[in-house]
Amino acid sequence: MTNYSPRPDRFDQAGQDQLIDAHDLEVTQPGMSALRTWSHDALALRPGETALDIGSGTGSEVFAFADAVGPTGTAVGVEPDPNLLASAERRGAERGSTAAFVSGDAYGLPFGTAGFDAVLCERVFQHLTAPARAAAEIARVLRPGGRAVVVDADWATAIVHPGDQRVVGAVIDTLISSTTNPLSGRRIAGLLSGAGLVVDEIGSHALVQDRTVGAGALVTRIAGLAALRGVITTAERDQLLTDLQAGADRGDIHISVTLFGALVHKKS
């Protein structure tokens with residue numbers, strides 16, 4: 001399941017459907033909450049510091065950063081999607097937050113060199129065709145002694161149970177091959193080291209899908225894609241979804257993927 005070729009025609013928008021569907025694996029899940037707690041504890045923001053969230057979405061992490069750095073600090077989110085950016089700005093205004101949001105992407109952060117004490121980049125690398133460029137950008141904007149946390153999934157760790165193992169394997173293979181950078185979780189530390197940053201710690205947590213939702217949106221969509229590609233039949237797709245729903249009904253279901261996070265710092 002680890003053989004794949006990055007597709008250069010698929011840039012940051014490539015994984016939007018998967019990113020949305022993966023919501024099933026995230027909301028209120030202990031693994032995501034624990035990893036975010038680890039990320040914030042690892043960055044250990046202090047009043048007056050400057051903090052950046054790359055791929056800030058609707059701004060939740062940036063609002064937390066703004067609270068941590070206080071009125072003398074700076075918290076900024078960078079987001080390429082104009083709809084998410086507008087949502088973050090609206091939420092910030094409603095909260096009266098000092099958080100700021102700018103348009104940009106991981107390949108070209110709109111900031112000068114060595115301007116941030118702390119950087120967070122969560123679940124962005126899996127959507128990038130050139131993740132080494134993004135790692136270099138993180139290193140560029142960090143101040144000497146600054147730290148960063150990068151978090152991403154490794155889709156080869158995906159587990160789908162119950163179901164015929166051949167069919168499940170074909171669906172997971174389809175998931176891997178349809179993700180731009182599916183093994184990003186295992187590559188994070190190496191990419192950041194290659195950019196000249198020092199790896200201090202690696203953390204991991206499994207995102208386990210709510211057991212009551214059956215197959216969920218992500219597995220349903222990928223199983224459909226596997227059937228369209230002809231790697232499984234329509235009947236096999238339908239049987240897998242039936243098996244997963246039956247498993248949910250009797251309490252025997254497990255759908256998960258593991259996320260990995262690396263804490264790094266820039267040499268002084």
Side-chain angles (χ1 to χ4, degrees), residues 6 11-12 15 32 34-57 60-62 64-66 68-69 73-80 100-102 104-157 179-205 258-268:
F11 189 50
D12 297 327
M32 194 69 245
L35 193 55
R36 281 189 170 145
T37 297
W38 175 81
S39 296
H40 284 270
D41 289 348
L43 289 175
L45 289 172
R46 297 180 291 271
E49 290 193 311
T50 54
L52 171 66
D53 183 16
I54 302 170
S56 52
S60 297
E61 302 306 295
V62 190
F65 285 176
V69 301
T74 302
V76 184
V78 171
E79 173 57 50
F101 299 91
V102 298
D105 61 49
Y107 293 154
L109 298 173
F111 308 105
T113 298
F116 290 93
D117 296 299
V119 173
L120 175 67
C121 185
E122 181 184 293
R123 290 170 299 155
V124 170
F125 276 44
Q126 65 182 289
H127 304 295
L128 301 179
T129 57
R133 286 175 55 192
E137 275 292 272
I138 291 173
R140 181 183 67 81
V141 300
L142 273 178
R143 290 175 177 162
R147 63 272 187 207
V149 167
V150 180
V151 175
D152 223 317
D154 191 312
W155 288 102
T157 67
T179 303
T180 307
N181 184 24
L183 309 182
S184 55
R186 72 187 63 182
R187 301 183 64 206
I188 289 171
L191 288 166
L192 296 172
S193 294
L197 299 172
V198 179
V199 177
D200 298 308
E201 186 178 349
I202 296 175
S204 68
H205 283 282
T258 300
L259 271 70
F260 296 90
L263 168 67
V264 300
H265 75 270
K266 187 172 183 177
K267 295 177 183 178
S268 300

**Request:** Mind running side chain to side chain contact (heavy atoms under 4.5 Å, CB included) on L197 and L142 for me, showing each step along the way?
**Result:** CA-CA 10 Å; L197 299 172; L142 273 178; 4.1 Å; yes

**Prompt:** For the atom pair OG (S60) and CD (E122), what is the distance rounded to the nearest 0.5 Å?
**Reply:** 10.0 Å

**Request:** Check whether any side-chain heavy atom of L109 sits under 4.5 Å from a side-chain heavy atom of R140, and report yes or no.
**Result:** yes

**Complete:** For F65 and A75, the nearest pair of non-hydrogen atoms, with its separation, is CB-CB, 3.7 Å

**Asked** Any sub-3.5 Å donor-acceptor pair from R147's side-chain atoms to A44's backbone N or O?
**Response** yes

**Request:** Taking the side chain as every heavy atom from C-beta outward, state whether L191 and V150 have any pair of such atoms under 4.5 Å apart.
**Result:** no

**Prompt:** Under the side chain to side chain contact (heavy atoms under 4.5 Å, CB included) criterion, do E49 and F116 qualify, and how do the steps go?
**Reply:** CA-CA 8 Å; E49 290 193 311; F116 290 93; over 6 Å; no

**Complete:** When rounded to the nearest 0.5 Å, the distance separating OG1 of T113 from CZ of R143 is 12.0 Å

**Asked** With a 4.5 Å limit on heavy-atom distance, are the side chains of V151 and R36 in contact?
**Response** no

**Prompt:** Nearest heavy-atom pair of S268 and P144: which atoms, and what distance?
**Reply:** CA-CB, 3.8 Å

**Request:** Please answer whether the main-chain N or O of L263 pairs with a side-chain N or O of E201 as donor and acceptor at a distance below 3.5 Å.
**Result:** no

**Item:** V62 to A100 - nearest heavy-atom pair and separation
**Value:** CG1-O, 4.2 Å

**Request:** May I ask you to decide if G115's main-chain N or O and T50's side chain share a donor-acceptor pair within less than 3.5 Å?
**Result:** yes

**Request:** Rounded to the nearest 0.5 Å, what's the gap from NE2 on H40 to CG on L120? Could you check?
**Result:** 6.5 Å

**Request:** Test side chain to side chain contact (heavy atoms under 4.5 Å, CB included) on D154 and T258 and set out the steps.
**Result:** CA-CA 6 Å; D154 191 312; T258 300; 5.8 Å; no

**Prompt:** For A156 and R186, which heavy atoms make the closest approach, and how far apart are they?
**Reply:** CB-NH2, 3.4 Å

**Prompt:** So, for Y107 and D105, which heavy atoms are closest and what is the spacing to 0.1 Å?
**Reply:** N-OD1, 2.8 Å

**Prompt:** What distance do S184 atom OG and R123 atom CZ have between them, rounded to the nearest 0.5 Å?
**Reply:** 11.0 Å

**Whether T180 side chain and L128 backbone form a donor-acceptor pair below 3.5 Å** = no

**Request:** May I ask you to decide if G146's main-chain N or O and K266's side chain share a donor-acceptor pair within less than 3.5 Å?
**Result:** no

**Item:** Non-hydrogen atoms of V102 and P110 that approach each other most closely
**Value:** CG2-CG, 4.0 Å

**Asked** Are the side chain of D152 and the backbone N or O of Q126 linked by a donor-acceptor pair below 3.5 Å?
**Response** yes

**Request:** Output yes when a side-chain donor or acceptor of R187 lies under 3.5 Å from a complementary backbone atom of N181, and no otherwise.
**Result:** no

**Item:** From CZ (F125) to CD1 (I54), nearest 0.5 Å
**Value:** 7.0 Å

**Request:** For residues V198 and V264, determine if any side-chain heavy atom of one lies less than 4.5 Å from a side-chain heavy atom of the other.
**Result:** no

